[in-house]
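Counting convention: from 1, in listed order, for ligands and their atoms alike.
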Amino acid sequence: MPKPREQEATAIKVEHVKKKYLLYHERHDSLKDLILSGGRRAKYEVLWALDDVSYEFKRGHTYGLIGENGCGKSTLLKAIANILRPESGTVTVDGRISALLELGAGFHPDLSGRENIFLNGAILRLSRAEIEARFDDIVAFSELEEFIDMPVKSYSSGMYMRLAFAIAVNVDPDILLIDEVLAVGDVAFQRRCFRRIKEYQAAGKTIIFVSHDANAVKDLCDEALLLDHGKIVASGLPMNIVSAYFELLSKKEAARRVKSGEETDVAGDDLSAATQKRYGFGAATIKEYAFLNAAGEPVKSIKSGDRVRVRVKVEFNDTVPNPVVGMALHSSTGLDIYGVNNAYTGQPIAPKNSGDWLEAEFVWDAWLREGNYSISLGIVDLTDGTATPADRWVDAISFDVAAGQEIIGLFDLRADITVTENG
Ligand SMILES: Nc1ncnc2c1ncn2[C@@H]1O[C@H](COP(=O)(O)OP(=O)(O)OP(=O)(O)O)[C@@H](O)[C@H]1O
Ligand SMILES: [Mg+2]
């Protein structure tokens, strides 16, 4: 039986930590600026990178820190590592911390890899003898034998990371802080890092791991924290916190869309159209859309192979002689995985006039690999073979596919295997 959480030993206690940065604005020294500001120009803005953060990190657990760029993840790790001094609040740490923060932080560019190992060891308060005893293991783990006497400024990002990780995990820390850096390692090295992290977990060390890779967080961590504007807005099971994160992102996306919709509305055929979120000539408007499960309930997350329905409701504001309604599915890296519309399937829709409407439903089985996907929607007029967008909504829907049956590649083509054998 594991102990109740409150009885577990605390490794790191963060109490009411606040960290602010002053953002200095560029000086606009035009006469008009001076007159308008009456000479009292605001010179800076206060940004709370950490806004009253409190948390108890228990010994022997692995925590995942997630959130948008600039939400304060690295700042929190630096406060824990005692690299920056907060404005107020306290951080109490029980044990030796080893931190893998920004790439190259803690390295001296003109010194060789060898010298940097000694430098870092000294920063971690290891004696020369202790560093010498670990030196070979560090170099072996980094696989940088041939480069160890070159200045680290000649290293690639991946080589920096190898050396930093090798040092961090060979100085026998009780607490390991890892800030996103693993992503720059090659696949083989990443795998070795993850294996080493798992050894650390088994040895009962405390780990805080910042990552934008939701799968890595779900796989490695037993607890996750979601940061937003310098505050912890959710904490708990990684699975739940990752969904909360995606929900937060789609809420912000929707808010941004409303804002930019007011500003640009349906734009013309200018070149920037392809990168806009929503564009078209306005002869029709996507009024509503929904991503539903087989039972017709709205969902954000599905399992691989689930039957889903994408429903779109369109209202016409003008005559559209040949309406074509479609959807496209994209991977999180922006790859177009699939697209379909009623013209491809040979199902013409009758001409529409102002005040008319239509509702379309696209039903398919989502045999997709685990991950985050988006769907774009569109209504176009296909008169004389030319597609004129009436309303196109890029990445309107975002959803998650949870791990199910293992899929090699992007999606499952549901192959039937027939084997003919002798004997
Ligand atoms: N040295 C600094 N000077 C001024 N502002 C800073 C400084 N370091 C961080 N900030 C600001 O503090 C906020 C939090 O930054 P932080 O680096 O902690 O974000 P993050 O969550 O790690 O983001 P990312 O995912 O991009 O790594 C950001 O708005 C950033 O602009
Ligand atoms: Mg960061």
- request: Report, in ascending order of atom number, the atoms of ligand 1 lying under 4.0 Å from any heavy atom of H212.
  value: 25 (O)
- prompt: Hey, are D52 and K18 close enough for a salt bridge, meaning a charged N less than 4.0 Å from a carboxylate O?
  reply: no
field: the Mg ion (ligand 2) contact by S74, N, O or S atom under 2.8 Å
entry: yes
- prompt: Do ligand 1 and A49 have nitrogen or oxygen atoms that lie under 3.5 Å from each other?
  reply: no
message: Looking at every non-hydrogen atom in both residues, tell me the closest pair between V340 and F362 and how far apart they are.
response: CG1-CD2, 3.8 Å
message: Which label fits F57 and Y63: parallel for a plane angle under 30°, tilted from 30 to 60°, or perpendicular past 60°?
response: perpendicular
message: Any carboxylate oxygen within less than 4.0 angstrom of a Lys/Arg side-chain nitrogen, looking at R59 and E8?
response: no
message: Tell me if a side-chain donor or acceptor on N372 pairs with a main-chain N or O of F399 at a distance below 3.5 Å.
response: yes
- prompt: Does R192 pair with E143 as a salt bridge, N-O distance under 4.0 Å?
  reply: yes
field: Residue L47 vicinity, atoms of ligand 1 by number, heavy atom under 4.0 Å
entry: 11 (C), 12 (O), 13 (C), 29 (O)
message: Students should be able to answer this: which protein heavy-atom is nearest to atom 26 (O) of ligand 1, and at what distance?
response: N69 ND2, 3.0 Å
query: Side chain of D179, backbone of L100: donor and acceptor closer than 3.5 Å?
result: no
query: For ligand 1, which part of D179 has a heavy atom less than 4.0 Å away: the side chain, the backbone, both, or neither?
result: neither
query: Do any heavy atoms of G72 fall under 4.0 Å from ligand 1?
result: yes
task: May I ask you to check whether T285 and N317 show a side-chain donor-acceptor distance below 3.5 Å?
output: yes
task: Report, in ascending order of atom number, the atoms of ligand 1 lying under 4.0 Å from any heavy atom of T75.
output: 14 (C), 15 (O), 16 (P), 18 (O)
message: Starting from atom 25 (O) of ligand 1, what is the nearest protein heavy atom, named by residue and atom, and what distance separates them?
response: K73 NZ, 2.7 Å
- request: From atom 22 (O) of ligand 1, work out which of S74, G70, C71 has a heavy atom at the shortest distance.
  value: S74
query: Under the 4.0 Å line, does any protein heavy atom show up next to atom 31 (O) of ligand 1?
result: no
- prompt: How far is atom 9 (C) of ligand 1 from its nearest protein heavy atom, and which residue and atom is that?
  reply: Y21 CE1, 3.4 Å
